[in-house]
Structure formats: structure tokens, C-alpha cells
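Have a look at the structure below, then the notes.
FYI, side chains are in, hydrogens and waters are out, and symmetry mates aren't considered; it's all heavy atoms of this structure.
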Amino acid sequence: QVQLVESGGGLVQAGGSLRLSCAASGRTFSSYAMGWFRQAPGKEREFVAALSRNGGNTYYANSVKERFTISRDNAKNTVHLQMNGLKPEDTAVYYCAARRNPGVLSTPNAYDYWGQGTQVTVSS
């Protein structure tokens with residue numbers, strides 16, 4: 001089992017940047033594929049980005065491609081989401097998720113563990 005704790009959210013103006021971090025407990029972090037999702041008020045949780053266990057494969061939602069970058073440091077049990085060029089429509093609670101099985105997937109049901117989320121608010 002793995003526990004995930006997100007950090008780095010906050011309030012930023014449109015065009016600004018934030019770097020989210022997700023710290024994972026446990027000794028087997030490198031065996032999990034990781035993902036970031038977000039949920040805005042009144043909307044369903046949506047996929048943002050995913051990363052394979054060794055970090056070699058990445059997958060992004062079209063809405064964040066070229067602006068967001070997902071990365072991981074298996075030595076430090078962390079995964080990051082660098083968000084540049086933020087837009088008001090990026091406002092949401094951002095969640096980190098871990099998947100036991102291999103594969104870079106975009107469906108929330110494919111992930112086994114979730115963090116509590118961190119709020120990102122982008123003002124216009």
C-alpha cells in the first residue's frame with residue numbers, strides 16, 4: 001500500500017506557474033505508475049497527466065499539453081507536476097494517484113491509491 005500527500009497548490013495569476021509535488025510513502029514507489037487528475041466544482045474528475053514507473057513514458061491531456069510537465073524522482077519517492085502558462089480554466093483541486101499495474105492510463109478507475117488533493121486557483 002502507498003500513501004500520497006500533495007503539496008504546492010495556491011493562488012496564481014493567469015500566465016503564472018506552479019509546481020505541484022506528491023510525496024509517497026513506502027519502499028516500492030518505483031513499482032507504481034503515477035498520474036495527476038483534477039476536479040473543478042460541479043465537474044467530474046478529469047485526467048491531467050500520467051507517467052510510467054521509470055519515467056520513460058508520459059501522457060498528457062490535450063488541454064495541458066505543452067504547458068504542463070510530469071516528472072518523478074524514484075530516489076525521493078516524489079512525483080511533480082510543473083504547470084506553466086496557467087489559465088483560469090485550470091482552477092481545480094489537483095490529485096495525485098498511483099497505479100500498481102504498469103501502463104500510462106488516463107481513466108481514474110485504473111488507479112489504486114489517491115492523495116487528498118491540493119487546491120489550485122488561477123485568477124484572470
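If you take OG on S21 and CD on Q82, they are separated by 9.5 Å, rounding to the nearest 0.5 Å. A distance of 10.5 Å separates OG1 of T28 from CD of Q1, quoted to the nearest 0.5 Å. Between atom CG of residue L105 and atom OH of residue Y111 there is a gap of 5.5 Å, rounded to the nearest 0.5 Å. Rounded to the nearest 0.5 Å, atoms CD (E6) and SG (C22) are 5.0 Å apart. Atoms CD and OG, on E46 and S63 in that order, are 5.5 Å from each other to the nearest 0.5 Å.
Residue N77 comes nearest to G26 through the heavy atom pair ND2-O, 2.7 Å, listed as atom of the first residue, atom of the second, then distance. The shortest non-hydrogen separation linking F29 to A24 is CD1-CB, 3.4 Å. Summarising the geometry of T69 relative to Y60, their closest heavy-atom pair is CA-OH, 3.3 Å, with the distance given to 0.1 Å. Contact between G85 and S17 at its shortest, heavy atoms only, is N-OG, 4.4 Å. Residues R38 and V64 approach most closely at NH1-CG1, 4.0 Å, considering heavy atoms. Taking all atoms of both residues into account, the shortest heavy-atom contact from L18 to G8 is CD2-O, 3.8 Å.
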Taking it one step at a time, do Y59 and K65 satisfy side chain to side chain contact (heavy atoms under 4.5 Å, CB included)? CA-CA 9 Å; Y59 180 38; K65 205 172 291 184; 5.8 Å; no
Kindly indicate, with the supporting measurements, whether the criterion side chain to side chain contact (heavy atoms under 4.5 Å, CB included) is fulfilled by W36 and C96. CA-CA 5 Å; W36 284 97; C96 173; 4.0 Å; yes
Step by step, would you call T121 with V12 a side chain to side chain contact (heavy atoms under 4.5 Å, CB included)? CA-CA 6 Å; T121 303; V12 64; over 6 Å; no
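Considering only heavy atoms from C-beta on, N57 stays 4.5 Å or farther from L51 through its side chain. Between L11 and Q119 there is no side-chain heavy-atom pair separated by less than 4.5 Å.
Between S71 and H80, the side chains place no donor N or O within less than 3.5 Å of an acceptor N or O (distance only, hydrogens not considered). Residues T107 and N109 have side chains that never bring a donor and an acceptor to within less than 3.5 angstrom of each other. Remark: the T78 side chain and the D73 side chain contain no N/O donor-acceptor pair separated by less than 3.5 Å.
Taking the six-membered ring where the residue is Trp, Y94 and F68 present tilted rings, their angle falling between 30° and 60°.
A continuous path of Ile, Leu, Val, Met, Phe, Trp and Tyr side chains, each step under 4.5 Å between heavy atoms, connects V2 with L20, placing both in one hydrophobic cluster. No continuous path of hydrophobic side-chain contacts links Y95 to M83 [ILVMFWY only; heavy atoms under 4.5 Å]. V48 and V93 end up in different hydrophobic clusters when Ile, Leu, Val, Met, Phe, Trp and Tyr side chains are linked at under 4.5 Å. Y113 and V104 end up in different hydrophobic clusters when Ile, Leu, Val, Met, Phe, Trp and Tyr side chains are linked at under 4.5 Å.
For T118 (side chain) and G9 (main-chain N/O), a donor-acceptor pair under 3.5 Å exists by modelled atom type. A donor-acceptor distance shorter than 3.5 angstrom exists from the side chain of R72 to the backbone of S52, with no hydrogens or angles considered. In terms of modelled atom types and a separation under 3.5 Å, the side chain of N74 and the main chain of N54 share no donor-acceptor contact.
Checked against the 6.0 Å centroid criterion, the rings of F47 and F37 qualify as a close aromatic pair.
Salt bridge annotation for R100-D112: present, with a cationic side-chain nitrogen under 4.0 angstrom from a carboxylate oxygen.
The cationic atom of R53 (NZ for Lys, CZ for Arg) does not lie both less than 6.0 Å from the six-membered ring centre of Y32 and within 45° of the ring axis.
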